Visitor: 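Next up is a structure, given as structure tokens.
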Amino acid sequence: MSPRPLDYESLNENVKKVAYAVRGELYLRASELQKEGKKIIFTNVGNPHALGQKPLTFPRQVVALCQAPFLLDDPNVGLLFPADAIARAKHYLSMTSGGLGAYSDSRGLPGIRKEVADFIERRDGYPSDPELIFLTDGASKGVMQMLNTIIRNEKDGILVPVPQYPLYSATISLYGGSLVPYYLEEEANWGLDFYNIRQSVAVARSKGITVRAMVIINPGNPTGQCLSEANIRELLKFCFQENLVLLADEVYQQNIYQDERPFISARKILFDMGPPISKEVQLVSFHTVSKGYWGECGQRGGYFEMTNLPPQTVDEIYKVASVSLSPNVPGQIFLGLMVNPPKPGDISHLKFVVESKAVLESLRRRAHIMTDGFNSCRNVVCNFTEGAMYSFPQICLPPKAIEAAKKVGKAPDVFYCLKLLEATGISTVPGSGFGQKEGVFHLRTTILPAEEEMPAIMASFKKFNDEFMEQYEDCRGYSRM
Amino acid sequence: MRRFATERAKKLIVGSFLSSRSPSPSSHLLSSSAAAAASAMGSTQSPPVTLDSINPKVIKCEYAVRGEIVSHAQRLQQELQTKPGAHPFDEILYCNIGNPQSLAQQPITFFREVLALCDHPSILDKSETHALFSADAIARAWQILDLIPGRATGAYSHSQGIKGLRDAIAAGIAARDGFPANADDIFLTDGASPAVHMMMQLLIRSEKDGILCPIPQYPLYSASIALHGGSLVPYYLDEATGWGLEISEVKKQLEDARSKGIAVRAIVVINPGNPTGQVLAEENQREIVEFCKKEGLVLLADEVYQENIYVENKKFNSFKKIARSMGYGEQDISLVSFQSVSKGYYGECGKRGGYMEVTGFSADVREQIYKVASVNLCSNISGQILASLVMNTPKVGDESYESFIAEKNGILSSLARRAKALEDAFNSLEGVTCNKAEGAMYLFPRLHLPQKAIEAAKVVNAAPDAFYARRLLDATGIVVVPGSGFGQVPGTWHFRCTILPQEDKIPAIISRLKAFHESFMEEFHD
């Protein structure tokens with residue numbers, strides 16, 4: 001029988017090339033084990049609410065009222081909802097043409113895009129244009145849209161950090177482009193190495209690749225490092241010299257766990273640098289409601305902001321956005337609330353601040369607990385999680401472990417992570433899912449498990465790890481003689 | 001401005017291809033400071049993201065539903081505020097897009113109660129909640145939350161959507177069709193559109209891969225095929241027989257495409273039709289199923305209007321039901337069914353809820369579909385919950401049943417009346433014929449335009465139906481989409497108008513339409 005259109009062989013090759021380890025082999029195995037009754041601690045994805053983090057109260061109140069506007073007229077509504085939530089719900093509903101159930105402008109509700117622009121201006125000290133801000137169903141959709149706009153064919157290269165969040169590698173594969181890796185320096189706290197970056201670009205160009213864009217993830221995922229102002233300046237200069245558009249993934253900007261390097265947006269630095277760079281370098285910045293102290297992953301709310309893109313290009317991006325009609329309206333409202341939270345004096349302000357601080361301070365403590373915990377384990381070295389939500393320890397696997405992995409047809413870090421899962425129920429993502437230097441192995445876990453459970457989790461990990469190391473280091477041929 | 005920019009840019013791109021050896025082919029697209037920077041850089045490169053260096057598939061893709069005429073309408077709308085009295089109408093009536101709630105259709109109360117409770121579950125424990133919400137909405141919210149690990153509606157779910165909700169949807173499909181459905185076959189998405197994109201991505205390897213699409217079609221399909229670099233293989237619906245789908249026509253187009261070296265992979269069937277509104281007869285559907293099986297085509301069944309049927313003599317049958325009732329199972333036909341929360345009587349466009357049910361594919365292909373879905377992690381949870389409510393509505397005996405049924409029937413019967421009123425109105429106009437809207441949300445009248453009008457359109461470089469639609473907008477504030485946005489037999493002209501303005505506005509719309517049309521025909525009569 002001739003192959004049918006959707007037989008495996010006749011699928012789009014680009015689809016087959018895509019790999020997205022965050023929900024790949026380890027996660028599927030963990031799900032299987034969970035079905036069999038094993039207790040699994042899912043630390044494979046930055047999904048705070050799934051690990052017990054509670055949603056902030058105020059946004060949920062506002063969105064619930066927007067869902068059911070008939071409540072607003074009910075005399076009893078004040079029993080359950082504070083006045084400022086009621087007022088805010090009315091404010092957002094008035095921005096829409098038909099409440100949550102109507103398609104909005106394909107770029108998102110103008111009123112919310114204005115709130116985002118105001119937020120950006122307050123944050124950076126430079127004005128922002130709502131017309132250049134597009135809301136999306138999560139930041140990932142925005143990233144995919146931009147990469148689809150840039151990539152014409154396999155000769156278009158995108159500079160991506162290694163290790164990276166595999167949305168980038170997956171999307172580049174899907175759209176048939178080329179990933180041009182630049183390696184972060186683990187020994188220098190996952191710092192940038194411009195020599196290496198320039199090398200990568202040169203190698204790519206020698207292969208006939210046109211390097212079009214550079215991705216930075218700040219704070220980093222999976223690596224957690226926060227870029228300094230000097231770093232960002234150098235990056236912008238580099239993009240200017242090499243004619244690259246900078247794609248700044250800044251979704252973790254609220255998640256900062258040290259005080260030496262607060263978050264500074266790429267856009268702010270761009271404008272600080274003045275012309276010609278400030279007028280020439282093309283920049284797209286991404287943000288989301290999924291991370292920070294909000295963790296509202298399931299809402300699918302996000303935006304991207306374009307700087308120095310020509311109007312015709314913005315039009316084309318708008319056109320493609322219009323094919324999907326509009327981003328989901330509740331997610332847009334979450335975004336509006338995130339950039340325009342309760343202010344001092346508002347009824348809900350105090351509770352909002354208390355809830356937010358509690359999350360951030362706990363994350364900071366957990367970042368330390370986890371880093372220290374990993375560093376106390378045999379053959380494990382871990383950089384501190386300066387920001388974001390992950391820990392990315394390096395696991396120095398003994399040669400015998402690597403051989404054992406090869407024997408069962410698994411990459412060494414996959415082998416380790418599967419054993420970890422089976423022994424402890426901790427579901428992580430092997431470093432190979434993010435990229436790493438040849439022969440160096442890592443795993444990514446999140447710092448999201450509940451604080452009270454952290455010590456037990458780290459103890460469980462340490463027990464597994466140290467036994468694993470003993471088992472595989474002990475097999476030295478001569479030692480038993 | 002957008003169309004103009006695109007047209008001008010297209011000319012410039014052609015120009016730059018012709019002068020590819022010139023030092024700065026796109027310099028006229030750069031601002032002067034950019035050009036200065038380019039020379040400061042010591043090169044004449046244009047910045048990385050300009051019109052001539054972006055993905056050409058993006059440039060090729062078009063979507064008229066939110067195209068040029070809508071931009072013009074938005075400008076007029078602003079003028080109505082800044083310069084009152086500047087136009088012979090005082091409001092813009094958007095009849096271009098199937099967006100019911102933007103035209104005052106009310107959401108279904110029960111659905112919104114459940115969604116509000118799921119958005120803010122902490123009030124479920126409070127006694128005051130019973131004063132504000134119906135008991136069965138509270139019960140349903142509890143039941144749904146129990147399906148979600150940790151009751152965390154803010155967490156990413158399984159990439160196909162929450163399992164328990166998929167079970168509910170599968171049960172709803174089975175109840176609808178009388179044939180079983182499997183939760184593992186369901187992929188919940190942010191509206192049906194992303195699911196369509198996923199399938200196109202899977203199917204299209206190059207421009208040598210063709211997808212059969214009805215003409216006229218909802219332009220998501222043409223746009224998606226262009227974006228993914230494939231070829232649209234048109235099959236014409238027959239206006240003379242109520243937009244009938246003739247298998248002989250489909251076969252002819254298929255063979256024609258194949259003779260040109262196109263591998264035809266799938267056929268899109270929109271039932272009920274958009275923009276055409278026809279509901280397929282069962283016999284017709286059986287022919288299509290048989291055809292797909294014989295020719296090895298994937299059947300992409302857009303069934304988002306399944307709850308919008310306005311005629312007694314037709315009913316909705318899902319293609320899965322038809323295939324199964326013919327004795328065809330997973331081995332016989334590859335079938336994808338798309339459903340959405342945006343249409344029906346619920347009209348929840350802004351929520352972005354929907355799913356595709358995928359049957360007749362091998363396990364390794366399903367893995368690939370799952371993998372692509374996982375890159376985006378999951379669709380929005382609230383939309384997932386809504387999809388499960390749409391497929392699993394209040395039952396007789398539930399506290400909310402009576403009010404639910406009243407709301408549902410009220411909306412559907414009103415839609416049926418509006419469809420008829422507008423259809424009659426269009427048919428009463430000189431030189432206009434309009435097929436009945438048996439289903440969906442649109443009318444697609446045909447304009448038999450006088451030669452003078454066609455020439456006047458040519459003078460301003462517009463298609464005749466776009467010319468008519470623009471004039472209509474300028475005279476009445478009514479926004480419709482020219483037929484060229486959907487495809488039509490060459491030399492014929494149409495426009496798509498929704499049936500969605502509230503019923504009390506319909507008489508005024510009809511009289512404004514008639515007045516405009518009469519004066520237009522008088523201006524251009526031969």
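Chain identifiers are assigned alphabetically (A, B, ...) following the order of the sequence lines, protein sequences preceding nucleic acid strands; residue numbering begins at 1 within each chain. Just so it is clear, the structure is predicted and the values come from calculations on it, not from any experiment.
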Visitor: Heavy-atom pairs under 4.5 Å with chain A are the metric here; pick the option from Ile381(B), Ile54(B), Leu220(B) that has the most.
Guide: Ile54(B)
Visitor: Using non-hydrogen atoms and a 4.5 Å limit, figure out which bit of Ala170(A) sits close to chain B: side chain, backbone, both or neither.
Guide: side chain
Visitor: May I ask you to test the Tyr103(A)-Arg352(B) pair for a side-chain heavy-atom distance under 4.5 Å?
Guide: yes
Visitor: Chain A heavy atoms under 4.5 Å from Lys351(B): which part of the residue, side chain, backbone, both or neither?
Guide: both
Visitor: Of the backbone (N, CA, C, O) and the side chain (C-beta and beyond), which part of Tyr218(B) lies under 4.5 Å from a heavy atom of chain A, both, or neither?
Guide: side chain
Visitor: Which heavy-atom pair separates Asn12(A) from Ile204(B) by the least distance, and what is that distance?
Guide: ND2-O, 3.2 Å
Visitor: Taking Leu227(B), Thr129(B), Asp364(B), Leu117(B) one by one, which has the highest count of heavy-atom pairs under 4.5 Å against chain A?
Guide: Asp364(B)
Visitor: When you compare the side chain of Arg112(B) with that of Leu100(A), does any pair of heavy atoms fall below 4.5 Å?
Guide: yes
Visitor: Heavy atoms, side chains only, cut-off 4.5 Å: are Lys371(B) and Val18(A) in contact?
Guide: yes
Visitor: Can you tell me how far the CG atom of Asn47(A) sits from the SG atom of Cys378(B), to the nearest 0.5 Å?
Guide: 7.5 Å
Visitor: Going through the checks in order, is the side chain to side chain contact (heavy atoms under 4.5 Å, CB included) test met by Ser122(B) and Lys54(A)?
Guide: CA-CA 10 Å; Ser122(B) 59; Lys54(A) 294 274 166 275; over 6 Å; no
Visitor: What are the two closest non-hydrogen atoms of Gln101(B) and Gly101(A), and how far apart are they?
Guide: OE1-CA, 3.3 Å
Visitor: Quick check on the interface: out of Ser224(B), Ser193(B), Ser157(B), who has the most heavy-atom pairs with chain A under 4.5 Å?
Guide: Ser157(B)
Visitor: Distance check, rounded to the nearest 0.5 Å: Ile333(A) atom CD1 versus Asp119(B) atom CG?
Guide: 10.0 Å
Visitor: Chain B: which of Asn153(A), Leu309(A), Asn148(A) shares the most heavy-atom pairs with it under 4.5 Å?
Guide: Asn148(A)
Visitor: Contact part of Ala131(B) toward chain A, heavy-atom cut-off under 4.5 Å: side chain, backbone, both or neither?
Guide: both
Visitor: What are the two closest non-hydrogen atoms of Ala155(B) and Ala50(A), and how far apart are they?
Guide: CB-N, 3.6 Å
Visitor: Of the backbone (N, CA, C, O) and the side chain (C-beta and beyond), which part of Val211(A) lies under 4.5 Å from a heavy atom of chain B, both, or neither?
Guide: neither
Visitor: Check whether any side-chain heavy atom of Lys16(A) sits under 4.5 Å from a side-chain heavy atom of Gln368(B), and report yes or no.
Guide: yes
Visitor: Under 4.5 Å from any heavy atom of chain B, what part of Tyr165(A) do you find: side chain, backbone, both or neither?
Guide: side chain
Visitor: Compare every heavy atom of Gly46(A) with every heavy atom of Tyr156(B), then report the nearest pair and how far apart it is.
Guide: CE1-O, 3.6 Å
Visitor: Against chain B, label Pro327(A) side chain, backbone, both or neither, depending on which of its atoms sit under 4.5 Å from a heavy atom there.
Guide: backbone
Visitor: Looking at Glu13(A), Lys141(A), Gln299(A), which has the largest count of heavy-atom pairs under 4.5 Å with chain B?
Guide: Lys141(A)
Visitor: What part of Ser104(A) is in contact with chain B, defined as an atom under 4.5 angstrom from a non-hydrogen atom: side chain, backbone, both or neither?
Guide: backbone
Visitor: Evaluate the side-chain proximity of Leu174(A) to Val375(B): yes if any heavy-atom separation is below 4.5 Å, no if none is.
Guide: no
Visitor: Could you tell me which portion of Pro219(B) (side chain, backbone, both or neither) has an atom closer than 4.5 angstrom to a non-hydrogen atom of chain A?
Guide: neither
Visitor: Select one option (side chain, backbone, both, neither) describing which atoms of Ser106(A) are under 4.5 Å from chain B's heavy atoms.
Guide: both
Visitor: Highest number of heavy-atom pairs under 4.5 Å with chain B: which of Cys297(A), Ala64(A), Gly99(A), Pro48(A)?
Guide: Cys297(A)
Visitor: Look at Ile123(B), Ile97(B), Ile148(B), Asp190(B) and state which one has the largest set of heavy-atom pairs under 4.5 Å with chain A.
Guide: Asp190(B)
Visitor: Under a 4.5 Å cut-off applied to non-hydrogen side-chain atoms, are Arg300(A) and Leu377(B) in contact?
Guide: yes
Visitor: Could you look at Asn14(A) and say if it's the side chain, the backbone, both or neither that has a heavy atom under 4.5 Å from chain B?
Guide: neither
Visitor: Got Cys61(B) and Val323(A) here, is their nearest side-chain heavy-atom distance under 4.5 Å?
Guide: yes
Visitor: Working to the nearest 0.5 angstrom, can you tell me the gap between His197(B) NE2 and Met144(A) CE?
Guide: 11.0 Å
Visitor: Please determine, among Asn99(B), Thr109(B), Val70(B), Val58(B), the option with the most heavy-atom pairs under 4.5 Å with chain A.
Guide: Asn99(B)
Visitor: So do the side chains of Arg23(A) and Tyr370(B) get within less than 4.5 Å of each other, counting heavy atoms only?
Guide: yes
Visitor: Please evaluate residues Tyr175(A) and Gln201(B) with respect to the criterion side chain to side chain contact (heavy atoms under 4.5 Å, CB included), reporting the C-alpha separation (whole Å), side-chain torsions for both, the decisive distance (0.1 Å), and the verdict.
Guide: CA-CA 10 Å; Tyr175(A) 295 137; Gln201(B) 192 152 61; 3.8 Å; yes
Visitor: Considering non-hydrogen atoms only, spot the tightest contact between Tyr8(A) and Val365(B) and give its length.
Guide: N-CG2, 3.6 Å
Visitor: Could you tell me which portion of Phe133(B) (side chain, backbone, both or neither) has an atom closer than 4.5 angstrom to a non-hydrogen atom of chain A?
Guide: side chain
Visitor: Give me the atom names and distance for the closest heavy-atom approach of His49(A) to Ala152(B).
Guide: O-CB, 3.5 Å
Visitor: Heavy-atom pairs under 4.5 Å with chain B are the metric here; pick the option from Val15(A), Val329(A), Val245(A) that has the most.
Guide: Val15(A)
Visitor: Show the numbers, then the answer: is there a side chain to side chain contact (heavy atoms under 4.5 Å, CB included) between Leu325(A) and Tyr63(B)?
Guide: CA-CA 10 Å; Leu325(A) 288 149; Tyr63(B) 184 71; 3.5 Å; yes
Visitor: Run the side chain to side chain contact (heavy atoms under 4.5 Å, CB included) check on Ser31(A) and His158(B) step by step: do they pass?
Guide: CA-CA 10 Å; Ser31(A) 303; His158(B) 185 287; over 6 Å; no
Visitor: What part of Ile150(A) is in contact with chain B, defined as an atom under 4.5 angstrom from a non-hydrogen atom: side chain, backbone, both or neither?
Guide: both
Visitor: Heavy-atom distances under 4.5 Å only: say whether Gln61(A) touches chain B with side chain, backbone, both or neither.
Guide: both
Visitor: Can you tell me which portion of Phe334(A) sits under 4.5 Å from chain B's heavy atoms? Options are side chain, backbone, both or neither.
Guide: neither
Visitor: Please classify the contact between Ile151(A) and chain B as side chain, backbone, both or neither, with a heavy-atom cut-off of under 4.5 Å.
Guide: backbone
